[in-house]
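Quick note: residue numbers are just sequence positions, from 1. The structure displayed is predicted, hence computed values, not measured ones. Just so you know, these numbers use all the heavy atoms, side chains as well, and skip hydrogens, waters and symmetry mates.
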Amino acid sequence: MHQNDGHIIKELGVACPDCGSELLLRQGRFGMFIGCSNYPECHFIQSPNKQEEPEQPTQASVSCPECAKGTLTERKSRFGKAFYACDQYPKCKFAVNHPPVEGHCQYCGFELLVEKKRASGTVLECASRRCHKVQESE
Ligand SMILES: [Zn+2]
Ligand SMILES: [Zn+2]
Ligand SMILES: [Zn+2]
């Protein structure tokens with residue numbers, strides 16, 4: 001097989017929509033592209049950017065500061081507002097209204113902070129109902 005149109009980076013295990021042969025990820029002179037293994041008979045070509053879905057940033061799981069067993073997971077309230085509740089509910093009723101961030105409060109030592117959007121930027125606040133102090137940024 002003589003291919004002067006870029007070397008194979010990997011076999012994608014996906015059938016060519018034109019001829020049914022396997023698609024290959026190749027490195028060509030002008031960058032990466034997806035080509036048909038049946039080339040040059042089949043001229044199917046695709047940009048690899050279109051093929052690969054952008055990865056969703058997965059929310060890091062933050063453990064519940066109250067029961068230390070559960071993790072805080074994103075939920076939607078009846079009004080469509082996001083909040084973050086302990087997955088041990090109803091055993092544990094801990095919940096916050098802002099994205100939880102792992103950390104310690106500089107003032108009371110509470111083991112959870114939340115991220116709040118302000119006009120001046122994002123701030124971290126203590127998640128404790130009794131404290132709610134904005135953390136000094138280092
Ligand atoms: Zn093909
Ligand atoms: Zn909990
Ligand atoms: Zn605090």
statement: Note: C126 and L113 closest approach over all heavy atoms is CA-CD2, 3.9 Å
- request: State, yes or no, whether a side-chain contact exists between Y39 and I45 at a heavy-atom distance under 4.5 Å.
  value: no
query: Distance only, no hydrogens: is a donor on one side chain within 3.5 Å (strictly under) of an acceptor on the other, for E125 and H132?
result: yes
- prompt: With side chains defined as the heavy atoms from C-beta onward, is the minimum distance between R118 and V134 less than 4.5 Å?
  reply: yes
query: To the nearest 0.5 Å, how far apart are OG in S47 and CZ in F33?
result: 11.5 Å
task: Could you tell me whether the side chain of E22 and the main chain of G13 form a donor-acceptor pair under 3.5 Å?
output: yes
- prompt: Of all heavy-atom pairs between L72 and P65, which one has the smallest distance, and what is that distance?
  reply: CD1-CD, 4.4 Å
- prompt: CG of L23 to SG of C16: how many Å apart, nearest 0.5 Å?
  reply: 5.0 Å
message: Between E115 and H98, does the side-chain contact (heavy atoms from CB on, under 4.5 Å) criterion hold? Intermediate values first, please.
response: CA-CA 6 Å; E115 204 177 78; H98 299 275; 5.7 Å; no
task: Using atom types as modelled and distance alone, determine if a side-chain donor or acceptor of Q135 lies under 3.5 Å from a backbone N or O of Q106.
output: yes
field: Stepwise side-chain contact (heavy atoms from CB on, under 4.5 Å) test for I9 and M32
entry: CA-CA 9 Å; I9 294 174; M32 286 206 292; 3.4 Å; yes
query: Looking at P100 and V62, what are the two nearest heavy atoms and their distance?
result: O-CG2, 3.7 Å
- prompt: Given the rule that I, L, V, M, F, W and Y join up when any side-chain heavy atoms are under 4.5 Å apart, are F110 and L124 in one cluster?
  reply: no
message: If I take atom CZ from residue F83 and atom CG from residue N97, how far apart are they, to the nearest 0.5 angstrom?
response: 8.5 Å
- prompt: For F44, does the CZ atom have more than 12 heavy-atom neighbours from other residues, nucleotides or ligands under 6.0 Å away?
  reply: yes
- prompt: How far does CG of L12 sit from CG of L25, to the nearest 0.5 angstrom?
  reply: 5.5 Å
field: Same apolar cluster: V114 and F94, side chain cutoff 4.5 Å
entry: yes
field: Considering all heavy atoms, the nearest S61-E102 contact
entry: O-OE1, 4.0 Å
query: Are Y107 and V101 connected in the hydrophobic side-chain network, where two residues link if heavy atoms are under 4.5 Å apart?
result: no
task: Measure from the side-chain N and O atoms of D87 to the backbone N and O of T71, and report whether any donor-acceptor pair falls under 3.5 Å.
output: yes
query: Can you find a heavy atom in the side chain of S21 that is under 4.5 Å from one in the side chain of E41?
result: no
- request: To the nearest 0.5 angstrom, please state how far the SG atom of C64 sits from the NZ atom of K91.
  value: 12.0 Å
task: Kindly give the heavy-atom pair with the smallest separation between G70 and Q88, and that separation in Å.
output: CA-CG, 3.5 Å
- request: Taking all heavy atoms of R75 and all of C86, pick out the closest pair and write down the distance.
  value: NH2-O, 4.0 Å
statement: In this structure, CZ of R130 is separated from SG of C108 (nearest 0.5 Å) by 8.5 Å
task: For residues S128 and C105, determine if any side-chain heavy atom of one lies less than 4.5 Å from a side-chain heavy atom of the other.
output: no
